[in-house]
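All figures in this text were calculated on a predicted structure; none of them were measured in a lab.
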Amino acid sequence: LMETRRLEKINELIHRFIGDLLRKELATDSLVTVSRVETSANGQHSAISITVFPFDKSAEVEKEIAKNIYEIQQKLNRGLRIRPVPKIRFQLDESEEKGGRILRAIDKI
């Protein structure tokens, strides 16, 4: 139970930190938000799900993040007061886009 609470706190910290970082420093004209952070039980890895609006800019945003992943990880390492700081990887959260496609399909009916 205490481990679960710790992981939740780590997820919240990373969510806030990375959200702010992407907002301030990502060179893109898209809206990029962190939708979810999942940290492994041992605290070594975090999967960060992001949403991109408009969705068709996703590939461009993913490329920009990949190009800057080292700097993003370094800023996280310096910015969080936890040890170990999880190694991060980003993934695209397509749930909103899928939801939008479903709503558009329903509208056409």
Side-chain angles (χ1 to χ4, degrees):
L1 186 69
M2 195 145 150
E3 267 308 297
T4 307
R5 185 69 192 122
R6 182 174 187 275
L7 281 179
E8 286 172 9
K9 280 189 161 188
I10 290 171
N11 288 340
E12 287 171 25
L13 276 172
I14 293 172
H15 190 286
R16 252 195 322 265
F17 191 91
I18 295 295
D20 288 346
L21 192 67
L22 294 180
R23 226 179 347 274
K24 289 177 196 159
E25 300 196 18
L26 209 57
T28 179
D29 55 354
S30 316
L31 175 64
V32 181
T33 56
V34 175
S35 56
R36 192 172 57 249
V37 176
E38 290 180 44
T39 302
S40 62
N42 65 5
Q44 298 288 316
H45 301 274
S46 289
I48 300 171
S49 300
I50 58 167
T51 55
V52 179
F53 184 83
F55 188 76
D56 60 358
K57 298 275 190 184
S58 298
E60 177 188 313
V61 168
E62 285 181 304
K63 227 179 276 177
E64 183 72 19
I65 287 174
K67 192 173 73 177
N68 295 300
I69 190 72
Y70 180 77
E71 288 83 12
I72 294 170
Q73 180 73 58
Q74 290 302 311
K75 287 181 180 179
L76 187 68
N77 293 352
R78 285 192 302 268
L80 295 188
R81 287 186 170 81
I82 57 170
R83 294 292 173 259
V85 173
K87 184 164 174 37
I88 56 172
R89 88 182 146 73
F90 287 87
Q91 59 197 25
L92 196 56
D93 181 350
E94 298 180 15
S95 60
E96 281 189 41
E97 174 61 15
K98 287 178 186 162
R101 281 199 301 262
I102 292 168
L103 289 174
R104 287 190 293 277
I106 290 170
D107 284 345
K108 287 178 184 172
I109 296 174

Answer yes or no: is there a side-chain heavy-atom contact under 4.5 Å between Lys57 and Leu31? no

Which value, rounded to the nearest 0.5 Å, describes the distance between Arg78 atom CZ and Gln73 atom CD? 11.0 Å

Under the side chain to side chain donor-acceptor pair (under 3.5 Å) rule, collect the residues that match up with Asp93, sequence neighbours excluded. Ser35, Ser95

Co-membership, hydrophobic cluster, residues Leu80 and Leu22, 4.5 Å side-chain: yes

Taken in chain and number order and not counting sequence neighbours, the residues that satisfy side chain to side chain contact (heavy atoms under 4.5 Å, CB included) with Gln44 are Ser40, Asn42, Pro84

How long is the straight-line distance from NZ of Lys75 back to CD of Glu25, given to the nearest 0.5 Å? 3.0 Å

Any heavy-atom pair between the side chains of Arg23 and Leu26 that's under 4.5 Å? no

Between the CD1 atom in Ile82 and the NZ atom in Lys9, the distance rounded to the nearest 0.5 Å is 12.0 Å

Rounded to the nearest 0.5 Å, how far does CD of Glu62 lie from CD of Gln91? 10.0 Å

Does Glu8 pair with Arg5 as a salt bridge, N-O distance under 4.0 Å? yes

What is the distance from atom CD1 of Ile48 to atom CG of Leu76, rounded to the nearest 0.5 Å? 7.0 Å

Strictly below 4.0 Å, N to O, side chains only: are Asp107 and Arg104 in salt-bridge contact? no

With hydrophobic residues grouped by side-chain heavy-atom distances under 4.5 Å, do Ile65 and Phe53 end up in a single group? no

Any chance you could measure Glu3, atom CD, to Leu7, atom CG, to the nearest 0.5 Å? 6.0 Å

Test of understanding: with side chain to side chain donor-acceptor pair (under 3.5 Å), list the residues that count as partners of Gln74, not counting sequence neighbours. none

Glu60 vs Lys63, test: salt bridge (charged side-chain N to carboxylate O under 4.0 Å, His left out). Steps then yes/no. CA-CA 5 Å; Glu60 177 188 313; Lys63 227 179 276 177; over 6 Å; no

Check: Glu12 side chain, Val37 main-chain N or O, donor-acceptor pair, under 3.5 Å: no

Compare every heavy atom of Ser58 with every heavy atom of Leu92, then report the nearest pair and how far apart it is. CD2-CB, 3.5 Å

According to a hydrophobic-cluster definition based on side-chain heavy atoms being under 4.5 Å apart (Ile, Leu, Val, Met, Phe, Trp, Tyr only), do Ile72 and Ile50 belong together? yes

